[in-house]
Structure formats: structure tokens, C-alpha cells
2 protein chains.
Amino acid sequence: MNHRATELLGSVHLRQTEPRLAILRTLLKTDTLLTQEQIAEQIGPDAPNKTTIYRTLTQLLDKNLVHQAYLDDRTSHFELAHHCGERQCHPHFTCVHCKQTHCLTGISTQLVELPKGFSVQRQQIHIDGVCPNCQTMNKTKEIERV
Amino acid sequence: MNHRATELLGSVHLRQTEPRLAILRTLLKTDTLLTQEQIAEQIGPDAPNKTTIYRTLTQLLDKNLVHQAYLDDRTSHFELAHHCGERQCHPHFTCVHCKQTHCLTGISTQLVELPKGFSVQRQQIHIDGVCPNCQTMNKTKEIERV
DNA sequence: CACTATTTGCAACTAAGTTGCAAATAGTAC
DNA sequence: GTACTATTTGCAACTTAGTTGCAAATAGTG
Ligand SMILES: [Zn+2]
Ligand SMILES: [Zn+2]
Ligand SMILES: [Zn+2]
Ligand SMILES: [Zn+2]
């Protein structure tokens, strides 16, 4: 992981600093979106300052190593761009019950057919619903009530 | 418009108050998403307090008369739900150049096929790109440069 | 007209994200 | 290794969308 982080930084000609490596390692480890706060938590007590985290994420966004998603809670979520297509991110699913967001990386989706004159740079799909976990929990509760 | 606003409020059993009517009239008049601030602007000097606007929008969201979209700027955008399907809003297109968002109400889209166990409540598609207006403006500039 | 539950406006607050600046450090040249 | 400089970092102060508590105003009802 550490090596991959170094590699990624190198590939976009950014200096190899500990804060940047720690942030990249954290993003490499996870399979979902993370907020600035979650990144800091996961790095632990020696996490970089929040300003540094935001600045680093902005740089990685500019280099297109990282993507940003706006879900339903007014805070930005970030992830590595390596599971996204050229003009389309993988879809995201947010459970209205447990509020968890899942990256649907295995799923193929179509680009929307746009009217003449519009050109696409990135398409993002966001789905709200109930996740498998909460679905079965609800069923269990129903059975218990009977 | 005024009549339609009254009708809408009645249909969800909310009291007919001037702030609520003004907000609904504004949403009825427009063909795009609006922020709290834009709603206040459009109503003018007698616009309701921002607290009232947010509270009203939340009530209308609960009654499913209004939908909320999170685009790329950390502020919520609102619109009437009347151009949305049962489980899917119309797609939104944001121009990276002029920052304007367009409601693509005429376009048909598919629901993503979810893995077993996930159930959909609402699918939203958001596209970033260049709008027809900015596209032709760029072409014109190129020609001028030659 | 009177009554009450609901709604509104205001001021103070919360929290995500940004900015300016001085101190620290990565990469480079010797 | 040491010195140098451009870049990066941390901190504190700030900005701003959205929320909360509460007292005053008002829609609907009889
Ligand atoms: Zn869930
Ligand atoms: Zn994802
Ligand atoms: Zn445009
Ligand atoms: Zn729309």
C-alpha cells in the first residue's frame, strides 16, 4: 500500500510528503467514500491538519486521482478514481435507514443520451433505498412482532 | 399559478399561509433548481425569513411535493417533484463553464440494475459537461483567434 | 369574535470548508 | 553531508449554509 501511494504521487509529480502518503494509503485501504473527518480518524492521532487534508484532496482532484461525491448530508465524500470509467463514475447507493453508502463498482451503466449540443465530462448516479442488511433486519422485526 | 399553489398546499393538508404560497409560486414559475437564497431573491423584498423558507421546503419534501438535489457547490437545490418519475428524478446537467444547471425533463433513463437485496427508492443522475451555449461560445472564440 | 394549535421571524448557534501567514521540510545543487 | 529555495504544513481566524429556541403573529374552527 505504501509503495502504491508513493507510485501514485510520483505519477502526478507531487512531492512525497508524509501527510499526502497517509491520505493516499487511507483511500487505498477503503472500499467506500470518505469525508475529511473520516480520513483523519482513520489515520489516527498523527493525522494531518484538516486544512492539509482538504488541500491535498483538492490537488488529487485536479490530477484526477480522486473523485468527489455530494451525497445527502452537506459534506463532501472522496474516493480514489481507479474504479471509475472515462466519463462515468460507478453508481453510489445510500441506505435511507443506516445511512451507509456503498460503491457499486461491479455494475455496468449506460451514459444518458443528451440533447444536441451538450457534451459529457462526468456522469454520476446516486441511488437512495434500503440496503440488504436493513432489509433483512426489518423482516426479522416483522416476524418478531407476529 | 396562485391557484395551483393553493391547490398543491390543500392536497397535502398544509395551512394556506402567504410564505408557503409565495414559495410554491416561485417553484412553479421556474424550470430549474433553486436554492433558498434564489427563492428569496425571486420573491423580492417581502420574501419570508430564510428559516421559514427552509422549514417550508422540508415540509414539502416530507409530502413529496418537492425534491432536493446536491450538486457541486455544497448548497441544496430544490424543485417541484412534478417532472419526476416514481423512483427516478429527471437527470440534471451542470455546465462546468457557466455553472448553470439544466433539468433534462424530456429524457428517458433506465433504472440501474442493483445487486440482490438492494431496493430503490430514488435514483438521481447528475452529469457535468459543457452546455450548448458555452460550446458555441468557445468555437466562436477559436475562430476569432485564427 | 374568541380561542388554540400552528406558523413565523429573529438572534444566536453549529459545523464544513477556506484563507493568510509564519514555521517546517522535500528536493536539488554543491 | 550542508546549504538553499520553492513548496508544503499547521494554526487561528474567518465564512457561510443551514439549524435551534423562543416569543409574537396568525389560520382555521366554532
Ligand atoms: Zn442500511
Ligand atoms: Zn464509490
Ligand atoms: Zn455553460
Ligand atoms: Zn430538475
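A, B, ... follow the sequence lines: proteins, then strands. Residue 1 opens every chain.
- Place B:Thr58 and A:Thr56 on DNA chain D by their nearest nucleotides, and A:Thr56 ends up nearer the 5' end.
- Here the side chain of B:Thr51 is nearest to one of C:dT18, D:dT20, C:dG27, namely D:dT20.
- When rounded to the nearest whole Å, the span between OH of B:Tyr70 and C1' of D:dG18 equals 11 Å.
- Under the Watson-Crick or G-U wobble criterion, with both distances below 3.5 Å, C:dC1 is paired with D:dG30.
- Taking all atoms of both residues into account, the shortest heavy-atom contact from A:Gln16 to A:Gly10 is NE2-N, 3.6 Å.
- In this structure, CD of B:Gln59 is placed 13 Å from P of D:dT19, rounded to the nearest angstrom.
- The interatomic distance linking A:Leu60 (CG) with D:dT8 (C1') rounds to 14 Å, in whole Å.
- Nearest nucleotide to the side chain of A:Lys50, out of D:dG21, C:dG17, D:dT9: C:dG17.
- Contact detail for A:Asn133 and A:Thr136: the closest heavy-atom pair is O-OG1, 2.9 Å.
- Checked against B:His90 for a side-chain hydrogen bond (donor to acceptor under 3.5 Å, both in side chains), the options B:His67, B:Glu79, B:His83 give a single hit: B:Glu79.
- Remark on DNA chain D: of its neighbouring residues B:Phe78 and B:Glu18, the 5'-side contact belongs to B:Phe78, judged by nearest-heavy-atom nucleotide.
- In this structure, the nucleotide among D:dT9, D:dG21, C:dG17 sitting nearest to the side chain of A:Tyr54 is C:dG17.
- In this structure, the CG atom of B:Leu33 is 17 Å from the C1' atom of D:dA17, given to the nearest Å.
- At a threshold of 4.0 angstrom between heavy atoms, the contacts of A:Gln36 with the nucleic acid are absent.
- If you measure from atom CD of A:Gln68 to atom C1' of C:dA16, you get 12 Å, rounded to the nearest angstrom.
- With C:dT8, D:dT8, C:dT19 as the candidates, the nucleotide lying closest to the side chain of B:Thr17 is C:dT8.
- Between B:Tyr70 and A:His126, the ring center distance fails the sub-6.0 Å criterion.
- Proximity of A:Asn49 to the phosphate of D:dT9: no side-chain N or O atom is located under 4.0 Å from OP1 or OP2.
- Spacing between atom CG of B:Leu14 and atom P of D:dG28 amounts to 10 Å, rounded to whole angstrom units.
- The base-pairing partner of D:dT2, taking Watson-Crick or G-U wobble contacts with both distances under 3.5 Å, is C:dA29.
- If you measure from atom CD of A:Glu41 to atom P of C:dA16, you get 11 Å, rounded to the nearest angstrom.
- The nucleotide whose nearest atom lies closest to any side-chain atom of B:Arg15 is, among D:dA27, C:dG27, D:dG18, D:dA27.
- By the rule that hydrophobic residues join a cluster once side-chain heavy atoms approach within less than 4.5 Å of another member, B:Ile23 and B:Val12 end up as members of one cluster.
- A close approach under 4.0 Å does occur between a side-chain nitrogen or oxygen of B:Thr52 and OP1 or OP2 of C:dG9.
- Taking atom CG of A:Asp73 as the reference point, atom P of D:dA17 lies 17 Å away to the nearest angstrom.
- Residues B:Leu60 and B:Leu24 meet the side-chain proximity criterion, which asks for heavy atoms closer than 4.5 Å.
- Note on A:Ser76: every side-chain N or O is 4.0 Å or more away from OP1 and OP2 of C:dA16.
- Within the nucleic acid shown, A:Arg74 comes within 4.0 Å of sugar-phosphate atoms alone, with no base atom in reach, counting heavy atoms only.
- On a pure distance criterion of 3.5 Å, no polar donor-acceptor pair joins the side chain of B:Arg55 and the base of D:dG18.
- Listed candidates were D:dA17, C:dG27, C:dT8. Nearest to the side chain of B:Arg20 is C:dT8.
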